[in-house]
Amino acid sequence: MPLIVLTLGIVLLFLLIIVFQLNAFLSLILSAIFVGVFQGMEPLTIVKSIESGLGGTLGHLAIIIGLGAIFGKIISEGGGAHRIARSLINNFGEKRVGWAICLASFILGIILFFEVTFILLIPIVYTIAVEARVKLLKVGIPFLAAISITHCFLPPHPGPTAISSVLGANLGVVLAYGLILAIPASVIFGPLFSRLYKNWDVEVPDHLVTKAEFNMDEVPSFATCVLTTLSPVIFILIGVIAEYTLPKTSTIYKILTFIGNADISLLISLFIAVYVFGLRKKRKTIPQLMKIAEEALISMGGIIFILGGGGAFKQVIIDSGMADYIAHFTRGWNISPFILAWIIACIIRLAVGSATVTVLTTSAMMSPIVQETGVNHELMVLAIGTASIAFAPPSDVSFWMTKEYFNLTIGQTVKTVCLMFTLIAIYGLLGVLALSTVIG
């Protein structure tokens with residue numbers, strides 16, 4: 001019954017948006033209430049779940065999206081994204097820009113969270129599409145593929161790291177196996193997969209792209225633009241190194257891990273961008289820069305609320321006990337541990353939406369089975385991790401981020417992002433099974 005209720009809730013969500021053309025935020029809230037009521041939750045408990053889910057999601061994402069939007073807008077308005085995009089086009093050629101953005105996204109994706117990489121690179125993705133005069137999905141699909149693949153296969157991302165902790169897997173070995181699967185996956189589901197959408201005429205959202213003309217003699221050098229754009233990555237790396245090398249009681253540890261926090265690193269980098277693309281050489285005044293910041297925040301308003309609505313929908317599903325039901329439902333299945341873990345993770349992912357809940361719940365359920373069967377711990381991490389991105393259901397923020405930033409309809413989002421993420425999950429399982437026959 002709970003899975004039927006969830007299915008009806010998702011159908012209702014699509015009907016409200018597509019048929020009745022209701023705003024996505026309102027549709028998500030109404031669908032969350034529907035699921036909560038028919039799952040037998042108390043009315044006020046549903047309201048608290050919605051508030052908790054919306055607040056919890058935006059507490060994590062709003063700062064990153066807000067600071068990232070201003071950061072990206074200042075770089076774009078200062079010609080930085082134009083300089084980087086033009087350099088990539090000149091070096092790789094207009095026909096190979098998909099490969100260029102895939103490589104850049106993969107490198108950054110190993111280090112950064114999915115959301116942070118997304119926000120940092122999206123202005124460059126837009127600018128490359130405009131400057132190279134190519135369809136948005138030609139660069140958009142490789143970008144999404146690379147950051148999603150690194151997210152589910154490679155530590156130090158939270159998913160693989162959390163699963164490794166629960167199962168007692170070696171992070172270095174997980175990283176090695178993950179790279180074996182992740183590199184070809186990025187090629188298959190990036191530049192090659194994007195060819196399926198070569199005739200899709202998806203426009204770059206007008207309010208999210210800078211169309212100004214630049215005198216390149218006045219724009220900072222390529223090296224300066226790249227270093228400024230990568231400054232959040234540098235600060236985060238400093239924090240990661242400090243985390244593993246310094247005593248946790250030392251003052252320098254506290255300082256470096258503070259500036260290595262994703263929110264703080266973006267804040268510091270924002271002021272670096274303000275100097276490089278504004279105050280330096282008096283390119284722009286403070287009032288002009290703050291006007292850019294205001295425009296960036298206004299353009300993000302609708303997206304932030306939609307992401308919050310997705311978080312509310314997810315939280316009601318979680319609080320209704322869906323994960324516990326699935327655990328009971330799958331208990332006693334007699335199949336390969338890798339396949340069992342993958343199926344359980346896929347069901348939880350589809351039901352709950354949250355990749356974090358998926359990996360934590362599945363790894364906890366599989367831990368005694370892993371110990372009992374002696375199955376390869378590191379490959380089990382990858383089996384669970386790859387399933388955690390399957391489907392990209394509407395209860396997950398990745399669905400709405402990609403829909404809004406890539407100017408897609410609900411149907412187009414299902415045919416692109418949802419399909420790609422599901423195929424990556426299937427590829428991951430097949431890869432794990434293939435490696436298990438070799439490794440044992």
Side-chain angles (χ1 to χ4, degrees), residues 60 64 102-118 120-121 144-186 189-190 230 232-246 248 253 256-257 260-262 265 337-338 341-342 345 349 354-367 370 375-390 398 421 424-425 427-429 431-432 434-436 439:
H60 170 60
I64 289 176
C102 184
L103 177 62
S105 303
F106 188 89
I107 293 170
L108 288 180
I110 294 174
I111 305 164
L112 300 178
F113 293 138
F114 177 91
E115 297 89 349
V116 178
T117 317
F118 193 107
L120 283 181
L121 287 181
L144 285 173
I147 64 174
S148 59
I149 286 165
T150 55
H151 174 74
C152 66
F153 282 120
L154 305 178
H157 274 286
T161 303
I163 305 168
S164 298
S165 176
V166 173
L167 300 183
N170 184 302
L171 275 179
V173 178
V174 172
L175 179 59
Y177 292 164
L179 285 170
I180 292 172
L181 297 180
I183 292 173
S186 297
F189 297 105
L230 293 182
V233 181
I234 295 169
F235 291 127
I236 289 171
L237 271 177
I238 290 171
V240 170
I241 293 170
E243 179 78 31
Y244 289 100
T245 60
L246 296 176
K248 291 182 170 51
Y253 167 86
L256 294 182
T257 52
N261 174 272
S265 66
F338 294 127
W342 188 87
R349 165 68 165 170
S354 168
T356 302
V357 173
T358 298
V359 298
L360 291 176
T361 305
T362 308
S363 56
M365 291 168 59
M366 291 303 299
S367 181
V370 170
V375 70
N376 187 291
H377 292 43
E378 289 74 26
L379 291 180
M380 181 60 75
V381 171
L382 298 180
I384 297 172
T386 190
S388 71
I389 68 163
S398 64
F421 281 19
I424 290 172
Y427 163 91
L429 174 62
V432 164
L435 284 176
S436 68
I439 297 165

Could you give the distance from [atom1] ([X]) to [atom2] ([Y]), rounded to the nearest 0.5 Å?
| X | Y | atom1 | atom2 | answer |
| --- | --- | --- | --- | --- |
| Thr362 | Arg349 | OG1 | CZ | 11.5 Å |
| Leu256 | Leu246 | CG | CG | 6.5 Å |
| Ile107 | Ile147 | CD1 | CD1 | 14.0 Å |
| Ile149 | Leu144 | CD1 | CG | 10.5 Å |
| Leu382 | Leu175 | CG | CG | 10.0 Å |

State whether the side chain of [X] and the backbone N or O of [Y] hold a donor-acceptor pair below 3.5 Å, judged by distance alone.
| X | Y | result |
| --- | --- | --- |
| Trp342 | Thr386 | no |
| Ser367 | Ser363 | no |
| Tyr177 | Val432 | no |
| Ser186 | Ala145 | no |
| Ser165 | Ala162 | no |
| Glu378 | Asn170 | yes |

Side chains of [X] and [Y] in contact at under 4.5 Å (non-hydrogen atoms):
| X | Y | result |
| --- | --- | --- |
| Leu108 | Leu120 | no |
| Val174 | Thr161 | no |
| Phe118 | Ser398 | no |
| Leu154 | Phe106 | yes |
| Thr245 | Tyr253 | no |
| Ser148 | Phe189 | no |

(Q) Exactly one of Leu237, Val233, Ile238, Ile236 should register a side chain to side chain contact (heavy atoms under 4.5 Å, CB included) with Ser265. Which one does? (A) Ile236
[X] to [Y] - nearest heavy-atom pair and separation:
| X | Y | answer |
| --- | --- | --- |
| Leu167 | His377 | O-CD2, 2.8 Å |
| Ala345 | Ile384 | CB-O, 4.2 Å |
| Pro160 | Phe153 | CG-C, 4.0 Å |
| Ala169 | Val381 | CB-CG2, 3.6 Å |
| Gly428 | Leu181 | O-CD1, 4.3 Å |

Q: Just do the side-chain contact (heavy atoms from CB on, under 4.5 Å) check on Leu435 and Asn376 with the steps written out, would you?
A: CA-CA 10 Å; Leu435 284 176; Asn376 187 291; over 6 Å; no
